[in-house]
Amino acid sequence: MNERYEFQEIEQKWQKIWAEEQAFKTVEDYDKEKYYTLEMFPYPSGKLHMGHVRNYSIGDVVARFKKMAGYNVIHPMGWDSFGLPAENAAIKNGIHPAIWTDSNIQDMHDQLNGLGFSYDWDREVATCKPDYYKWMQWLFIELYKKGLAYKKENPVNWCPSCATVLANEQVVDGACERCKTPVTKKNLSPWYFKITAYADRLLANLDKLPGWPDKVKTMQRNWIGRSEGAEVVFGIDGYDNDLVVYTTRCDTLFGVTYMVLAPEHPYVKDLTEGTEYEAAVNAYIQECAAKSEIERTSLTKDKTGVFIGKYAINPVNGNKIPIFISDYVLMDYGTGAIMAVPAHDQRDFEFAKAFDLEIIPVVDVEDPEVDLNNLTEAAVATGTMINSGQFNGMNNKDAIKAMIQFLEEEGKGKATVNYKLRDWLISRQRYWGCPIPMLNCEKCGWVPEKEENLPILLPTDVEFTGKGASPLTTSKTFGTGVCPVCGGKAEREYDTMDTFLDSSWYFLRYCDAKNDEKAFDKKKVDYWMGQEGVDQYIGGVEHAILHLLYSRFFQMVLHDLGLVEAEEPFKNLLTQGMVIKGYTDADGNYVKAKMSKSLGNVVSPAEIQEKYGADTARLFILFAAPPEKELDWSDEGVEGSFRFLCRVYRLVHEYITKIKGDQTPSAAIEIKTADDKQLNFVLNSTIKKVTEDAGGRFNFNTAISSIMELVNELYRYKASAEMNLPLFNEAINKMVIVLNPFVPHITEELWSCLGHDDRLYSAEWPKYDEAALVKDEVEVIVQINGKLKDKLILPNNTSKEVVEETARELDKVKEAIDGMNIVKVIVVPNKIINFVVK
RNA sequence: GCGGAUGUGGCGGAAUUGGCAGACGCGCACGGUUCAGGUCCGUGUGAGUAACAUCGUGUAGGUUCGAAUCCUAUCAUCCGCACCA
């Protein structure tokens with residue numbers, strides 16, 4: 001055994017051995033209980049960052065622990081390898097995206113191996129490879145056949161910088177989620193997935209996911225945005241069509257004093273054409289269209305709009321009320337039209353004030369501060385109905401139901417449910433993505449490609465300019481195909497798929513990654529996924545809505561298609577916190593922020609690995625904070641972790657010649673002295689703690705701290721007079737095993753040095769001895785009125801009576817109760833005695 | 001505005017069921033080892049006091065024999081959503 005901890009030598013040695021021995025290869029064993037550990041696969045940018053290292057270190061501990069605990073563990077890794085950076089690199093450097101991506105994958109593959117992660121590389125997938133995207137295309141067609149994919153012309157979100165459309169979910173604060181460029185509207189005819197058909201199920205199933213963080217579930221609930229209300233039918237004076245609005249406040253129908261349509265509402269042209277209002281209305285529509293999403297949503301205060309010269313008729317009282325258009329009404333929510341009740345809706349109130357419109361209160365709210373005749377803001381509290389005909393006197397909550405019933409009887413409305421969730425726009429006008437396997441035939445219209453013609457390969461004769469239409473249109477070979485229905489000439493779809501499709505089912509492909517006949521075998525997927533999906537999914541919270549919602553949608557669809565058993569993809573979800581680091585800002589203040597190149601507070605995994613080794617990097621990351629919290633990077637902390645590993649290494653080295661090969665079986669180890677007893681106690685409580693913390697609650701920081709306590713105890717013990725070598729040996733061996741999931745290289749090395757021929761990666765997790773955890777003597781806290789006064793050392797399980805008797809004899813207790821009345825004595829055996837005195 | 005979280009030493013954090021607040025690590029101080037520095041080993045380290053007392057988990061109340069933990073109010077910070085009718 002080397003005297004010094006030569007981490008680089010050790011790490012390389014064991015990585016080589018693991019590869020040679022195929023240590024992490026997993027095969028289906030249908031009789032054995034499985035455990036699916038999954039970390040979000042990376043985009044192959046070429047370099048790992050600390051966020052990756054944290055994500056994968058957490059996953060690796062889980063995988064290694066569960067394997068040692070006896071599960072058949074699947075722990076795969078792959079590449080989310082379609083996407084814009086590759087294409088941008090191609091535009092900039094003239095390297096083909098495939099070459100750029102392949103080389104990055106190779107580099108990152110090596111970096112992951114360098115950190116000692118226990119992946120089964122036989123299951124590796126890369127979404128940009130034809131053997132993966134063939135099945136992506138197949139799945140697209142399956143969705144199309146089910147009526148879940150459709151093409152529709154629409155004004156869509158367009159990122160001028162990325163030169164592509166974006167899904168609703170990819171627009172953040174009116175800007176492109178990726179490049180922050182303000183999004184504009186463009187009329188296109190993209191493909192959509194009908195995710196709204198699953199809105200209710202996506203919402204309801206969240207209640208069946210207790211293993212997900214509330215934060216993520218709440219975000220998804222808000223995003224789906226279910227709201228219960230009613231559609232109300234208004235007539236329009238001098239127009240044949242009815243005007244349907246959506247409202248959650250049916251109770252306020254008597255308070256409607258005007259109507260508003262979205263500027264894009266289809267009636268607007270009809271209602272104003274050839275009238276004196278046409279010019280002003282068109283001018284306003286132009287003005288709105290020119291505004292970017294940011295301008296339209298950020299200037300929230302000032303309400304604008306135009307009267308269109310027509311009147312609607314209130315179905316409950318026949319009142320004629322003016323119709324306006326305004327951009328505070330959105331075309332893509334509800335019906336694109338609203339009934340305005342300025343007395344009870346703040347937005348309507350602001351608009352009514354700006355346009356000097358009538359305000360009629362219809363709910364006498366339970367708020368003494370509100371003067372209904374002189375409102376300063378909308379009155380939104382609950383209350384009693386007024387000015388509402390036969391509904392007067394009702395509680396307004398009840399009036400909602402009564403009003404809906406009334407409308408339904410009159411044929412003037414019905415109860416409905418609305419969602420904020422929109423259908424998923426999946427077309428992208430870019431090259432580096434999966435081609436959409438659809439053809440447009442002059443005779444037959446849009447038809448799916450034949451299955452035997454899949455995959456539709458990405459052409460290589462394409463120009464990358466970053467401008468204009470989809471790059472696939474520049475290929476001379478790609479565009480024409482044969483109509484699978486009539487055999488005539490058909491034109492291919494030139495757009496590619498959103499890369500979020502690729503990542504919506506990759507975890508299923510891992511279960512059967514090499515299948516070239518199907519997307520995956522159902523039996524294999526059902527084994528690994530089970531009834532409830534991936535056992536533990538780990539990744540950043542930034543995917544709370546996009547990826548995690550899309551994947552749930554996909555899984556449900558595939559479940560409905562009979563392709564998989566599980567209805568939800570991820571049983572348990574852990575969202576790890578960001579890696580942050582302090583730095584001094586321009587004003588000289590020390591602040592903490594997420595590691596980023598622009599702030600200059602980045603620590604690269606490579607430099608840490610070179611200086612201290614992969615084990616130290618992993619240990620520090622796992623020790624410094626619980627996984628779901630932010631991780632504050634500290635260079636001193638890293639050194640502390642390194643020191644700990646040196647300390648462990650030295651301890652083994654110092655005693656290696658004495659304990660190596662000791663064959664005393666655990667059962668034959670005698671516990672003789674008090675020191676022995678103490679060491680045995682610490683050893684077993686550490687095993688218990690690590691088992692619970694690393695295997696159950698995933699609090700790796702406390703698991704590691706308890707192993708540190710064991711090491712400290714071993715250092716204390718070796719100084720004791722009568723060292724019990726078999727016990728010491730046992731403690732060191734078990735310490736090395738429980739440390740293994742966190743720092744696999746050094747522990748394999750020490751295990752081997754200790755004379756074992758087997759490997760820790762396939763070792764059995766140690767059990768703790770309950771008997772060793774029972775102490776002969778316990779410390780009992782003595783309190784007077786809840787304040788600590790003294791401590792008693794008593795035999796374990798001393799009766800309440802004896803505890804009280806003993807405690808009364810203590811000087812400090814005598815002193816405190818002298819001349820006082822003992823009101824009550826509370827005794828919790830083995831823990832505490834409290835005298836309540838007056 | 002709505003929703004979700006989080007507030008504990010000089011710092012990262014622990015306290016899993018209401019029962020010794022501050023485990024473990026960093027930092028700092030002192031001692032040993034060393035020619036010396038570093039390493040390593042050991043001791044100490046919430047405030048306060050000569051020592052006790054006492055005070056102490058954002059703030060103010062409350063429940064309880066007993067509260068970091070439960071309840072009410074409030075402040076601060078972070079995150080998400082946001083003209084969703």
Side-chain angles (χ1 to χ4, degrees), chain A residues 172-173 213-223 225-227 229 245-249 252 260 262 296-301 303 326-330 332-341 344-348 350-351 380 418-422 541-542 544-545 577-578 582 592 619-620 623-626 628-641 643-644 646-647 650 689 692-693 696-697 699 701-709 711-712 715-716 719 779-791 823-828 830-837:
Chain A
V172 176
D173 295 332
D214 287 337
K215 182 193 166 91
V216 174
K217 287 192 279 191
T218 306
M219 282 168 75
Q220 291 209 354
R221 277 190 197 104
N222 291 341
W223 189 262
R226 184 188 151 98
S227 112
V245 300
Y246 174 74
T247 180
T248 54
R249 291 296 305 275
T252 61
V260 190
R296 224 175 130 161
T297 54
S298 65
L299 303 168
T300 53
K301 290 290 161 280
K303 294 281 181 289
S326 171
D327 65 358
Y328 86 89
V329 174
L330 309 172
D332 57 1
Y333 184 77
T335 61
I338 62 151
M339 57 179 228
V341 187
H344 302 294
D345 181 281
Q346 185 58 26
R347 295 152 300 177
D348 298 346
E350 285 162 16
F351 189 89
V380 293
N418 245 302
Y419 298 94
K420 283 199 242 178
L421 184 71
R422 309 293 142 79
V541 76
E542 66 273 17
I545 294 170
M578 288 186 304
K592 286 171 180 174
L619 185 72
F620 170 70
F623 176 63
E628 67 281 359
K629 287 184 79 168
E630 278 185 341
L631 170 70
D632 198 355
W633 190 269
S634 138
D635 294 329
E636 293 81 10
V638 177
E639 282 193 42
S641 293
R643 261 202 301 270
F644 170 71
C646 292
R647 200 164 142 85
R650 265 200 318 274
K689 178 113 180 110
E692 288 165 357
D693 286 1
R697 346 186 264 164
N699 276 19
N701 54 333
T702 51
I704 292 166
S705 74
S706 108
I707 301 173
M708 287 173 169
E709 286 180 74
V711 172
N712 290 343
Y715 266 79
R716 260 192 299 277
E779 200 175 54
V780 174
I781 306 306
V782 182
Q783 293 182 339
I784 308 288
N785 289 340
K787 296 226 187 275
L788 175 74
K789 286 292 167 192
D790 209 342
K791 295 172 184 178
V823 184
K824 208 174 179 183
V825 181
I826 289 130
V827 184
V828 182
N830 288 350
K831 264 199 181 143
I832 200 161
I833 173 163
N834 187 15
F835 294 92
V836 185
V837 300

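Within every chain, numbering begins at 1; the chains are lettered A, B, ... in the order of the sequence lines, protein sequences first and strands thereafter. What's counted below: heavy atoms across the whole structure, side chains too, no hydrogens, waters or symmetry copies.
- Thr252(A) places a side-chain heavy atom less than 4.5 Å from the side chain of Met339(A).
- G56(B) and G3(B) are spaced 34 Å apart, taking the C1' atom of each and rounding to whole Å.
- Residue contacts for Arg221(A): at a heavy-atom cut-off of 4.0 Å it reaches no nucleic acid atom on any strand shown.
- Annotation: U16(B) and G7(B) have their P atoms spaced 13 Å apart (nearest Å).
- Between Tyr333(A) and Arg422(A), some side-chain heavy-atom pair lies under the 4.5 Å cut-off.
- Rounded to whole Å, the C1' atom of A53(B) lies 14 Å from the corresponding atom of A47(B).
- Counting non-hydrogen atoms under 4.0 angstrom, Asn712(A) reaches the backbone sugars and phosphates but no base.
- Remark: Ser634(A) is not in phosphate contact with C11(B), judged by side-chain N or O atoms under 4.0 Å from OP1 or OP2.
- Of the candidates C83(B), C24(B), C65(B), C83(B) carries the atom nearest the Tyr328(A) side chain, counting heavy atoms from C-beta on.
- Mapped onto RNA chain B by nearest heavy atom, Ser706(A) and Asp214(A) fall at different nucleotides, with Asp214(A) at the one closer to the 5' end.
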Assess whether salt bridge (charged side-chain N to carboxylate O under 4.0 Å, His left out) is satisfied between Asp345(A) and Arg249(A), documenting all intermediate values.
-> CA-CA 9 Å; Asp345(A) 181 281; Arg249(A) 291 296 305 275; over 6 Å; no
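- For the C1' atom pair drawn from G58(B) and U69(B), the interatomic distance equals 16 Å after rounding to whole Å.
- Going from atom CE of Met578(A) over to atom C1' of G12(B) covers 16 Å, rounded to whole Å.
- Looking at heavy atoms from C-beta onward, Ile338(A) lies in side-chain contact with Asp348(A) at the 4.5 angstrom threshold.
- Among the protein residues, Gly640(A) comes within range of the sugar-phosphate backbone only, with heavy atoms under 4.0 Å from sugar or phosphate atoms but none that close to a base.
- Taking atom P on both nucleotides, C11(B) is separated from U57(B) by 16 Å, rounded to a whole Å.
- Atom CD1 of Ile704(A) and atom C1' of A23(B) are 14 Å apart (whole Å).
- Going from atom CG of Asn699(A) over to atom C1' of G25(B) covers 16 Å, rounded to whole Å.
- Distance check on atom P: C81(B) versus G18(B) gives 35 Å, rounded to whole Å.
- For the pair Lys629(A) NZ and G7(B) C1', the computed distance is 9 Å after rounding to whole Å.
- No contact: Gln346(A) has no heavy atom under 4.0 Å from any strand.
- Residue Arg650(A) places no side-chain N or O under 4.0 Å from the OP1 or OP2 atom of U39(B).
- Taking only side-chain atoms of Asn701(A), from C-beta outward, the nucleotide of A23(B), A14(B), G19(B) with the closest atom is A14(B).
- The base of C81(B) lies outside donor-acceptor range of the side chain of Lys420(A), with no N or O pair under 3.5 Å.
- When each of A15(B), A85(B), G4(B) is scored by its nearest atom to the side-chain atoms of Lys215(A), the top-ranked nucleotide is G4(B).
- Shown here, G13(B) is classed anti by the O4'-C1'-N9-C4 or O4'-C1'-N1-C2 angle, which is more than 90° from 0.
- Nucleic acid contact for Lys592(A): sugar-phosphate only, since backbone atoms but no base atoms lie under 4.0 Å from a heavy atom of the residue.
- Arg422(A) comes within contact range of at least one nucleobase, with a heavy-atom separation under 4.0 Å.
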Secondary-structure string, 5' to 3', Watson-Crick or G-U under 3.5 Å, | for another-strand partners, for RNA chain B = (((((((..(((......[....)))((((((.......))))))((......))..(((((..]....))))))))))))....
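- Look at the P atom in both A60(B) and A76(B): the space between them is 16 Å, to the nearest Å.
- Atom CG in Leu330(A) sits about 10 Å away from atom P in A85(B), given to the nearest Å.
- Per the geometry, CZ belonging to Arg647(A) stands 10 Å off C1' belonging to C40(B), to the nearest Å.
- Comparing atom distances between the Thr218(A) side chain and each of G4(B), G12(B), C40(B) picks out G4(B) as nearest.
- Mapping Tyr715(A) and Lys824(A) onto RNA chain B via the closest heavy atom, the residue that lands nearer the 5' end is Tyr715(A).
- Between Asp632(A) and Lys592(A) there is a salt bridge, since a side-chain N of the basic residue sits under 4.0 Å from a carboxylate O of the acidic one.
- Summarising the geometry, the separation between CG on Asp635(A) and P on G27(B) is reported as 11 Å, rounded to the nearest angstrom.
- At the heavy-atom level, Asn834(A) lies under 4.0 Å from base atoms of the strands shown.
- If you check A14(B), G12(B), U16(B) against the side chain of Glu692(A), the one that comes closest is U16(B).
- A close approach under 4.0 Å does not occur between any side-chain nitrogen or oxygen of Tyr246(A) and OP1 or OP2 of A85(B).
- Residue Thr248(A) is in sugar-phosphate contact alone, with no base atom involved, counting any heavy-atom pair closer than 4.0 Å across all strands shown.
- Of all nucleotides listed (C24(B), A85(B), U16(B)), A85(B) comes nearest to the side chain of Ile338(A).
- Nearest to the side chain of Lys303(A), among C83(B), A85(B), C40(B), sits C83(B).
- For the P atoms, the distance linking C79(B) with C28(B) amounts to 32 Å, nearest Å.
- Note: CD1 (Ile826(A)) to P (A67(B)) measures 12 Å, nearest angstrom.
- Minimum interatomic distance between Ala262(A) and Leu330(A) (heavy atoms only, all atoms of both residues): CB-C, 4.0 Å.
- Evaluation of the ring pair (Phe, Tyr, Trp, His ring centres under 6.0 Å) rule for Trp223(A) yields no partner, not counting sequence neighbours.
- Checked by distance alone, Glu636(A) brings no side-chain donor or acceptor within 3.5 Å of a matching partner on the base of C11(B).
- At a threshold of 4.0 angstrom between heavy atoms, the contacts of Glu639(A) with the nucleic acid are absent.
- Taking the side chain of Trp223(A) as heavy atoms from C-beta on, and the options A82(B), A85(B), A23(B), the nearest nucleotide is A82(B).
- With Tyr328(A) contributing its side chain and Lys303(A) its backbone, the two residues share no donor-acceptor pair below 3.5 Å.
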Evaluation steps, side chain to side chain contact (heavy atoms under 4.5 Å, CB included), between Trp633(A) and Asp635(A) | CA-CA 7 Å; Trp633(A) 190 269; Asp635(A) 294 329; 3.2 Å; yes
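- Closest to the side chain of Arg643(A), out of G19(B), G13(B), G27(B), is G27(B).
- Residues Ile832(A) and Gln783(A) are in side-chain contact: their nearest non-hydrogen atoms beyond the backbone lie under 4.5 Å apart.
- At least one donor-acceptor pair closer than 3.5 Å links the side chain of Tyr715(A) to the backbone N or O of Arg647(A).
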